[in-house]
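Below is one structure; the comments refer to it alone.
Just follow the structure's listing: the first ligand is 1, and inside any ligand the first atom is 1.
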Amino acid sequence: MRILVTGGAGFIGANFVQHVLATHAEDEVVTFDLLTYAGNLANLEPVMRNPRHRFVRADVADPTAVTAALVGVDAIVHMAAESHVDRSIADASDFLRTNVVGTQVVLDAARAAKVRRFLQVSTDEVYGSLGPTGAFTEESALRPSSPYAASKAAADLLVHAAHHTHGIDALISRCSNNYGPYQFPEKLIPLFVTNALADEPLPLYGDGCQVRDWIHVVDHCRALDVIVRRGRAGETYNVGGGNERRNVDVATLILETLGKPQTLLRHIEDRPGHDRRYAIDASKTARELGWAPQEPFAAGIAATIDWYRKNRAWWEAVKSGAYRDYYERMYGARLRAAGGEGRS
Ligand code: NAD
Ligand code: TYD
């Protein structure tokens, strides 16, 4: 089978491309990625010379480029997106273009090219925020809070409409917060690990008691692999780690693991509209597809911290240039107000 992975040079994409090539000796992968600030060919270094892998640099919102890349493709795993909530709060325009328009462009091109299957890689954030109990099921209402989550929910609805109206063989996965190697250090875990390694403050939003359900990226990749091969068309599949943690506890664990002082923790002004809690009920995916997460959080986070410790050149390169301006814009004033340094 030949799979086209949009956004394959990003965090989950690069892990997924490597996973498919390593576990399916007969498969070919086309990585289709614009290489925005979040895309990085260094993430694909282990497969760039693999004859079963091809890289195309192009935009999912460009119909000509998408159509050209689809020749001979059996399945699309669509994960190209603007993916960071804080950036969507600052400016939502790229989120609408890539996540919403881009998804419709890929759907239309897939239909014209008669691609056999389309998997939309979505997020639990489309369901909004939970109270202290309960978990999202595939039947939960869509109540996105951030512009990012709203753009993903819009894309999911376009996928549903393409299946319903045009009969496209499409399905949707919705996963909780991922962690692991190659994650851009704007997200909580790589930001905090790399800041701690550099003896910089860890900017914790609000009281730090928000809860996320963490899953190792390889467990997510295993889920995507079975969903794209064996999931039922028109269906949605939740994916989660069954592993809820408060942000403050994740931060404390990172500092402890690295032998850094807890005084690096800074409570800064909260993110506007901050979702309090996410939790996923992934029992449908387990029941229908026999999938379950395999990586315990304690082992997964230790290995991940170790990866960032050993791959300093990777994140130091990523954290230079435009990242410095981003960091100052996002954190400078809030960290200074909290009595910390704005540098990273
Ligand atoms: P990421 O930001 O690390 O990577 C996104 C990739 O998409 C980058 O390589 C970027 O260059 C590429 N891209 C962006 N705009 C593009 C465009 N217009 N055309 C082509 N490529 C473009 O994101 P990620 O964390 O790897 O997330 C991947 C997908 O998984 C996203 O769709 C996201 O919504 C979803 N998801 C992420 C998580 C998570 O915890 N990170 C959880 C659930 C779902
Ligand atoms: P993030 O990694 O941005 O993922 P999401 O918002 O999509 O869940 O954030 C995870 C949690 O960590 C979320 O509750 C916000 C919080 N957070 C901080 O406290 N400080 C930070 O600097 C960042 C980036 C996130």
- Query: With a 4.0 Å cut-off on heavy atoms, is Met330 touching ligand 2?
  - Reply: no
- Message: Taking a cutoff of less than 4.0 Å between a non-hydrogen atom of the residue and any ligand atom, is Tyr148 in contact with ligand 2?
- Response: no
Identify, for [atom], the protein heavy atom at the shortest distance, and state residue, atom and that distance.
atom: atom 5 (C) of ligand 1; value: Ala81 O, 3.5 Å
atom: atom 37 (C) of ligand 1; value: Ile12 CD1, 3.3 Å
atom: atom 34 (O) of ligand 1; value: Tyr148 OH, 2.6 Å
atom: atom 44 (C) of ligand 1; value: Ser122 O, 3.0 Å
atom: atom 21 (N) of ligand 1; value: Leu34 N, 3.1 Å
atom: atom 23 (O) of ligand 1; value: Ser83 OG, 3.3 Å
atom: atom 25 (C) of ligand 2; value: Tyr205 CE1, 3.6 Å
atom: atom 2 (O) of ligand 2; value: Leu188 N, 2.9 Å
atom: atom 22 (O) of ligand 2; value: Tyr331 OH, 2.7 Å
atom: atom 4 (O) of ligand 2; value: Asn177 ND2, 3.3 Å
atom: atom 35 (C) of ligand 1; value: Val121 O, 4.0 Å
atom: atom 24 (C) of ligand 2; value: Glu186 O, 3.1 Å
atom: atom 20 (N) of ligand 2; value: Pro203 O, 2.8 Å
atom: atom 16 (C) of ligand 2; value: Asn247 ND2, 3.4 Å
atom: atom 8 (C) of ligand 1; value: Asp33 OD2, 3.5 Å

Show the atoms of ligand 1 that are less than 4.0 angstrom away from any heavy atom in [X].
X: Gly39; result: 8 (C), 9 (O), 10 (C), 11 (O)
X: Thr98; result: 15 (N), 16 (C), 17 (C), 18 (N)
X: Asp59; result: 17 (C), 18 (N), 19 (N)
X: Phe11; result: 3 (O), 25 (O), 26 (O)
X: Gly7; result: 6 (C), 7 (O), 9 (O), 12 (C)
X: Asn177; result: 40 (O)
X: Thr123; result: 43 (C), 44 (C)
X: Leu35; result: 11 (O)

- Query: Can you find a non-hydrogen atom of Gly102 under 4.0 Å from ligand 1?
  - Reply: no
- Mind checking whether Ala14 has a heavy atom under 4.0 Å from ligand 1? no
Which is closest to [atom] in terms of heavy atoms, [options]?
atom: atom 6 (O) of ligand 2; options: Glu125, His267, Arg271; answer: Arg271
atom: atom 43 (C) of ligand 1; options: Ala155, Cys175, Gly240, Ala80; answer: Cys175
atom: atom 19 (N) of ligand 1; options: Leu41, Leu224, Val60, Leu188; answer: Val60
atom: atom 13 (C) of ligand 2; options: Gln210, His274, Arg334; answer: His274

- Message: Which residue is it: Asp156, Thr123, Asp124? I am looking for the one with a side-chain hydrogen bond (donor to acceptor under 3.5 Å, both in side chains) to Arg174.
- Response: Asp156
- Quick one: look at Ala58 and ligand 1, take heavy-atom pairs under 4.0 Å, and tell me if it's side chain, backbone, both or neither. backbone
- Location of contacts on His84 toward ligand 1, heavy atoms closer than 4.0 Å: neither
- Does the salt bridge (Lys or Arg N to Asp or Glu O under 4.0 Å) test come out yes or no for Asp94 and Arg87, once each step is laid out? CA-CA 10 Å; Asp94 285 348; Arg87 288 183 194 257; over 6 Å; no
- Query: Is it the case that more than 12 heavy atoms not belonging to His164 sit under 6.0 Å from its NE2 atom?
  - Reply: no
- Message: Tell me whether His19 at atom NE2 has more than 12 heavy atoms from other residues, nucleotides or ligands lying less than 6.0 Å away.
- Response: yes
Can [X] and [Y] be counted as having a side-chain donor-acceptor contact under 3.5 angstrom?
X: Asp281; Y: Ser283; value: yes
X: Gln183; Y: Asn178; value: no
X: Tyr331; Y: Asn195; value: no
X: Asp219; Y: Trp291; value: no
X: Thr236; Y: Lys284; value: no

- Find all atoms of ligand 2 within a distance of less than 4.0 Å from any non-hydrogen atom belonging to Leu191, and give their numbers and elements. 22 (O)
- Item | Side chain Asp213, main chain Gly242, donor-acceptor under 3.5 Å | yes
Can [Y] be reached from [X] by stepping across I, L, V, M, F, W or Y side chains whose heavy atoms are under 4.5 Å apart?
X: Phe16; Y: Val239; value: yes
X: Leu34; Y: Met48; value: no
X: Tyr182; Y: Val193; value: yes

Return the orientation label for the [X] and [Y] ring planes: parallel under 30°, perpendicular over 60°, tilted otherwise.
X: Trp214; Y: Tyr179; answer: perpendicular
X: Tyr326; Y: Tyr323; answer: tilted
X: Tyr278; Y: Phe136; answer: tilted

- Quick one: are Asp270 and Gln210 in side-chain contact, heavy atoms under 4.5 Å? yes
- Message: Walk me through whether Arg222 and Asp225 qualify under salt bridge (Lys or Arg N to Asp or Glu O under 4.0 Å).
- Response: CA-CA 5 Å; Arg222 289 192 193 103; Asp225 197 60; over 6 Å; no
